[in-house]
Amino acid sequence: MPGVPEQLGPRKALLTQLWVENPVSRQVLGICSALAVTNRMFNTLLMCGGLIWATSMSALTLSLMRNWVPKRVRIMVSVLIAAVFVIVVDIVFRAYFTEVHKDIAAYVGLIITNCIVLGRMEAFSGKNPPLASLADGFGAGMGYSFMLMAVATVREVMGFGTVFGYPLLKGFMEAHQAQWVIMIMPPGAFFVLAILVWLVRWIDLKRAAAKAPAEPPAAPGARREQEAPK
Amino acid sequence: MILAQPPTELQPGFAATLLVILVSATFTENILLTRFLGMCPFLSISRQLKSAVGMGLAVVFVTTCTCFLNATLYWYVLEPLKAYHIPAESLKLILFIVVIAAFVQLMEMLIERISIGLYFALGIFLPLITVNCAILGASLFMINKDLHGLSALVYGFGAGLGWMIAIVLMAGIRQRLKRSKVPAALEGPGITLIIAGIMAMAFVIFQGMIKL
C-alpha cells in the first residue's frame, strides 16, 4: 500500500487505517459488499461486525505464521485463513440472525475475497508483528464500518424513511410520496458512495490548500523545486 | 418462476431454459451492476480498453469453468454428505475458493506453456482473478439458484459475460473522460462510481423482464 511505512506501532497502524488510509474512501477497496448490503442499517451493522472479526483475526493469524509460510503459496494460505474465520461468522449469523442471514448470506461468504481482508494480510500482517497486525486489521475493519454506516444511513433514511427499521420519517414520506426508491435500488448505492468519496477528497484538498499558504514563505524557490517533478 | 421445475437435460424446452439462464445472468442480474461483485478490478483495471478486454476474457473463461466444476463437486460430493450431518453449507465456501485458486494456478501454468502470446494477453490478469469476488459470487449464487450441470456452465458463462460487458463499457467511457474536465476532488474513483451508477440505472430497465 502506498504511504504506509513498513514498521508501524499498533496505535499508529490503527489510526492510519481509520482515516489516512481508510479502505473505503481512500483506497476504494472492498466496496462490493459495501454497496450490496447498505440498503438497511441493521444488515450493514451485521456485515461490519463480520468484517471486523474476519480482518482482525486473519491478520493476527497470518502474522503469527508469517515466518513459516513460503512465498509461493502465500495467497492460498491467506485465502484459507480468511475462509476459516468467515465460516465462523457465517455459522454465528445463521444461528442468531436467521432472517437477516437469508438476505446477506452470499455477501457474508464473499468476505473471503474481500479486498480489505486480503489486502491487509498481503500488505501488512505478512511482514509485521502480531499486535501491530491485529491493530491494523481492526483499524481497517473499523474504517470500513464507519464509512459503510454512513452510506447505509443515507440510503435507509431516504429510501425507507426508517432508522434501524424504526419509522422516523416514514409517515411523512408516505403521505407526501417522498421516498427515494432509487436509494434502495443498486444505482443509489453507487451515487451515495461516490458522493462520500467526493466529500472526503474535497475535505483533503481544502486542508491541503489551507496548509499551503501557511507554510513559511521564506523559501518559495525550494518549494517550487519540490513540486516540479510532479 | 420459470425454473420451478427445471427440465432435465435432453428434454424438450431445455435449450430455451438455457437461453433464459444466459440472458438473465448477463443482463437482468448483471453480476457487477446489480450485485456489485468484482468492483475492485472494475475500478482499477477500467482505465484502458485493452486491459479491460483482457481482464474480461479471463473472467469469462474462469467463471465458466469454475461454475461447472463447483456445481459438479457441490451436488455430487458435498450434498450427499449432508446425510451424515456434515455442514455442507459452510464447507462449500472452502471448497469453492480452493477450486478457484487451484484452477487459476493451473491455468496460469498451462497458458504459459502452450502459448506465450496468450500468456501476455491473459496471463497477467489471472493471479488477480483468485481474489475477484465475481468468481466466487457466481458460484455462490449458482448454488442458491439450484443449477446443475450444463445450466451451471451456462450461468457461469453469462455471469462472466455480464461482468465483461460492464467493464468494457466503463473502459470506453473512461477513455473519453480523459479529455473532459472533472472537479478535482471527484477525479478517479469518485467519477467512476457516478458513471457506474448511471450504467446501473440503465441496467435496472432489464429488471423484471426475465426472472430466473
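So that the names make sense, note that chain A is the first sequence line, chain B the second, and so on, each numbered from 1.
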What pair of heavy atoms forms the shortest contact from B:Leu93 to A:Gly109, and how long is it?
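That would be CD2-CA, 3.7 Å.
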
Which residue out of B:Gly197, B:Ala200, B:Ala196 racks up the most heavy-atom pairs below 4.5 Å with chain A?
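When all of B:Gly197, B:Ala200, B:Ala196 are compared, B:Gly197 has the most.
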
I'd like to verify something: which residue of B:Gly38, B:Pro183, B:Cys40, B:Ala185 has the highest number of heavy-atom pairs under 4.5 Å with chain A?
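The candidate making the most pairs under 4.5 Å is B:Ala185.
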
With respect to A:Pro187, which candidate in B:Val204, B:Ile194, B:Leu33 satisfies the side chain to side chain contact (heavy atoms under 4.5 Å, CB included) definition?
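Option passing the side chain to side chain contact (heavy atoms under 4.5 Å, CB included) with A:Pro187: B:Val204.
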
Between atom [atom1] of [X] and atom [atom2] of [Y], what is the distance when rounded to the nearest 0.5 Å?
X: A:Leu118; Y: B:Cys133; atom1: CG; atom2: SG; answer: 10.0 Å
X: A:Leu199; Y: B:Leu186; atom1: CG; atom2: CG; answer: 11.0 Å
X: B:Ile97; Y: A:Leu80; atom1: CD1; atom2: CG; answer: 8.5 Å
X: B:Leu193; Y: A:Ile195; atom1: CG; atom2: CD1; answer: 10.5 Å

What donor-acceptor contacts under 3.5 Å connect chain B and chain A, backbone and side chains included?
from    : atom 1 : to       : atom 2 : distance (Å)
B:Arg35 : O      : A:Tyr107 : OH     : 3.0

Does the side chain of B:Ile195 come within less than 4.5 Å of A:Phe190's, by heavy atoms?
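No, their side chains stay 4.5 Å or more apart.
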
Contact part of [X] toward chain A, heavy-atom cut-off under 4.5 Å: side chain, backbone, both or neither?
X: B:Leu140; answer: side chain
X: B:Ile135; answer: neither
X: B:Phe141; answer: side chain
X: B:Ile100; answer: neither

Tell me whether the count of non-hydrogen atoms from other residues, nucleotides or ligands lying under 6.0 Å of [atom1] in [X] goes above 12.
X: A:Met142; atom1: CE; value: no
X: B:Tyr76; atom1: OH; value: no
X: B:Phe42; atom1: CZ; value: yes
X: B:Lys50; atom1: NZ; value: no

